[in-house]
There are 2 protein chains.
Amino acid sequence: MTETPHVPDFDLDGFTPYRLAVAAQKLSEQLAKQYRVKFGISIPEWRVLVHLSRAAGNVAVSVRDIEARVAMEKSKVSRAASRLEENGYIKKTVNDTDRRLVHLSLTDKGRALMAELLPLAIAFQQEIAAQLDETMSGFEAGLDRLLNEDE
Amino acid sequence: MTETPHVPDFDLDGFTPYRLAVAAQKLSEQLAKQYRVKFGISIPEWRVLVHLSRAAGNVAVSVRDIEARVAMEKSKVSRAASRLEENGYIKKTVNDTDRRLVHLSLTDKGRALMAELLPLAIAFQQEIAAQLDETMSGFEAGLDRLLNEDE
DNA sequence: TTGACCTCATTGCAAATGCAACGAAAATAG
DNA sequence: CTATTTTCGTTGCATTTGCAATGAGGTCAA
């Protein structure tokens with residue numbers, strides 16, 4: 001006897017994409033806030049930095065590499081890299097063997113920044129692990145499924 | 001013997017906030033694409049619609065209610081609602097007892113839209129459930145933890 | 001070697017976003 | 001009853017975003 005005739009019942013709170021989006025936003029904001037206020041770094045910048053720091057072993061890292069690895073549009077990567085370069089955290093050099101590629105690498109200042117940032121991230125990860133507690137492994141297993149399933 | 005002295009090891013792929021963000025983006029885009037191309041509806045608009053459709057039992061729903069329930073800024077809600085009104089999916093009426101409040105409700109056209117949209121969402125949820133399979137309950141349990149933990 | 005395609009990164013532009021400020025209305029204090 | 005404070009929704013503005021277009025460089029075939 002409601003006035004919604006053909007509309008199926010649907011509960012947003014039980015809708016996995018929605019739950020996931022809200023949880024992701026919550027965690028991202030919590031962490032992003034920390035490095036935004038302390039270092040003026042945005043999320044795209046953070047992702048670029050982390051990837052560069054990971055690749056410090058020194059595989060050449062191009063914008064395209066990061067785009068693929070880090071799930072961000074190339075224009076986003078490009079702009080983040082430009083801001084980071086302006087602030088002296090990374091430098092861009094043209095790859096000699098293929099001059100279309102821009103090789104990105106951390107400067108000393110960038111490495112110093114990461115030495116401060118990464119412990120924050122590690123601590124945050126531990127908080128999350130504590131929060132998830134015994135649900136952690138199941139949660140991560142599900143996440144793996146969602147991330148690896150192609151398409 | 002690497003050239004990164006004080007920088008801790010850190011693997012972005014093992015970082016839960018990152019994994020969560022990527023998974024959320026992936027799922028959201030998959031679904032959003034469907035109703036964007038078919039109906040020209042954006043994610044914020046979708047969320048408003050779903051909430052209105054849920055509340056169809058007819059609790060008065062204001063912008064503020066949706067802001068709180070749906071994890072979106074009020075300006076985002078407000079603009080989504082305006083677009084929906086322009087397109088005839090919802091109507092806004094001033095609440096008589098408190099004239100600051102704007103009461104949002106689905107029009108017939110809006111209900112007809114939801115009758116088409118919701119089955120898509122339900123089917124998508126089933127796909128996800130199939131993908132998660134036996135990891136589903138563990139995954140959702142973890143998600144609950146992350147969503148409910150206050151601050 | 002030349003010309004037709006492809007790839008990489010940047011940029012222009014329109015749209016979306018976050019935040020602060022605003023005006024209107026209600027609640028509260030005095 | 002007036003004055004202050006709070007709440008609600010919208011809007012202005014600067015920034016960010018996504019997408020398409022661009023230009024520069026590379027590849028490949030004829």
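Lettering of chains follows the sequences in order, A, B, ..., and the numbering in each one begins at 1. Computed from a prediction, not measured in an experiment: that's the story for all the values here. All values below were derived from every heavy atom in this structure, side-chain atoms included, with hydrogens, water molecules and symmetry-related copies excluded.
- Inter-residue side-chain proximity for B:L52 and B:S105 is flagged as unmet; no heavy-atom pair is nearer than 4.5 Å.
- Every residue two or more places apart in sequence or in another chain was checked for a side chain to side chain contact (heavy atoms under 4.5 Å, CB included) with B:S137, and none qualifies.
- For B:L132, the side chain to side chain contact (heavy atoms under 4.5 Å, CB included) partners are A:R145, A:L146, B:I128, B:T135, B:M136, B:F139, not counting sequence neighbours.
- Within 4.0 Å (heavy atoms only), A:K74 reaches at least one base atom of the nucleic acid.
- For the pair A:N87 (side chain) and A:L84 (backbone), a donor-acceptor distance under 3.5 Å is absent.
- Every residue two or more places apart in sequence or in another chain that forms a side chain to side chain contact (heavy atoms under 4.5 Å, CB included) with B:E29 is listed here: B:Q25.
- Across the interface with DNA chain D, nearest-nucleotide mapping of B:R79 and A:K76 shows B:R79 to be the residue nearer the 5′ end.
- Between B:K76 atom NZ and B:I43 atom CD1 the span is 8.0 Å, to the nearest 0.5 Å.
- Over its length, the helix from C:dT1-D:dA30 to C:dG30-D:dC1 turns its helix axis by 20°, as judged from the five terminal pairs at each end, rounded to 10°.
- The CZ-P distance, from A:R64 to C:dA9, rounds to 8 Å in whole Å.
- The stretch residues 32-47 of chain B touches DNA chain C through B:P44, each having a heavy atom within less than 4.0 Å of the strand.
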Could you walk me through whether B:M114 and B:L49 pass the side-chain contact (heavy atoms from CB on, under 4.5 Å) test, one step at a time?
-> CA-CA 8 Å; B:M114 291 316 282; B:L49 285 172; 3.6 Å; yes

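- Every residue was checked against the ring pair (Phe, Tyr, Trp, His ring centres under 6.0 Å) condition with A:Y89, not counting sequence neighbours, and none meets it.
- OP1 or OP2 of C:dA9 lies within a sub-4.0 Å distance of a side-chain N or O belonging to A:S62.
- DNA chain C lies under 4.0 Å from at least one heavy atom of each of the following residues of residues 80-101 of chain A: A:K92, A:R100, A:L101.
- Applying the salt bridge (charged side-chain N to carboxylate O under 4.0 Å, His left out) test to B:E67 and every residue at least two apart in sequence or in another chain returns B:R64.
- Here A:S75 does not reach the OP1 or OP2 of C:dT10: none of its side-chain N or O atoms lies under 4.0 Å away.
- If you walk DNA chain D from 5' to 3' and mark each nucleotide with an atom closer than 4.0 Å to a heavy atom of chain A, the marks span D:dT17 to D:dG26.
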Please tabulate, for side-chain N and O atoms in residues 34-42 of chain B, each donor-acceptor pair with protein atoms closer than 3.5 Å (sequence neighbours left out).
| from | atom 1 | to | atom 2 | distance (Å) |
| --- | --- | --- | --- | --- |
| B:S42 | OG | B:E45 | N | 3.4 |
| B:S42 | OG | B:E45 | OE2 | 3.4 |

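- Atom NE2 of A:H103 is separated from atom P of C:dA9 by 12 Å (rounded to the nearest Å).
- Evaluation of the side chain to side chain contact (heavy atoms under 4.5 Å, CB included) rule for A:S82 yields A:K92 as partners, not counting sequence neighbours.
- Between the CG atom of A:D65 and the C1' atom of C:dC8 there is a distance of 11 Å, rounded to whole Å.
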Table please: side-chain donor-acceptor pairs of residues 9-16 of chain B below 3.5 Å, with sequence neighbours left out.
| from | atom 1 | to | atom 2 | distance (Å) |
| --- | --- | --- | --- | --- |
| B:D11 | OD1 | B:D13 | N | 3.0 |
| B:D13 | OD2 | A:R69 | NH2 | 3.4 |
| B:T16 | OG1 | A:Q125 | OE1 | 3.4 |
| B:T16 | OG1 | A:Q125 | NE2 | 2.9 |
| B:T16 | OG1 | A:E140 | OE2 | 2.7 |

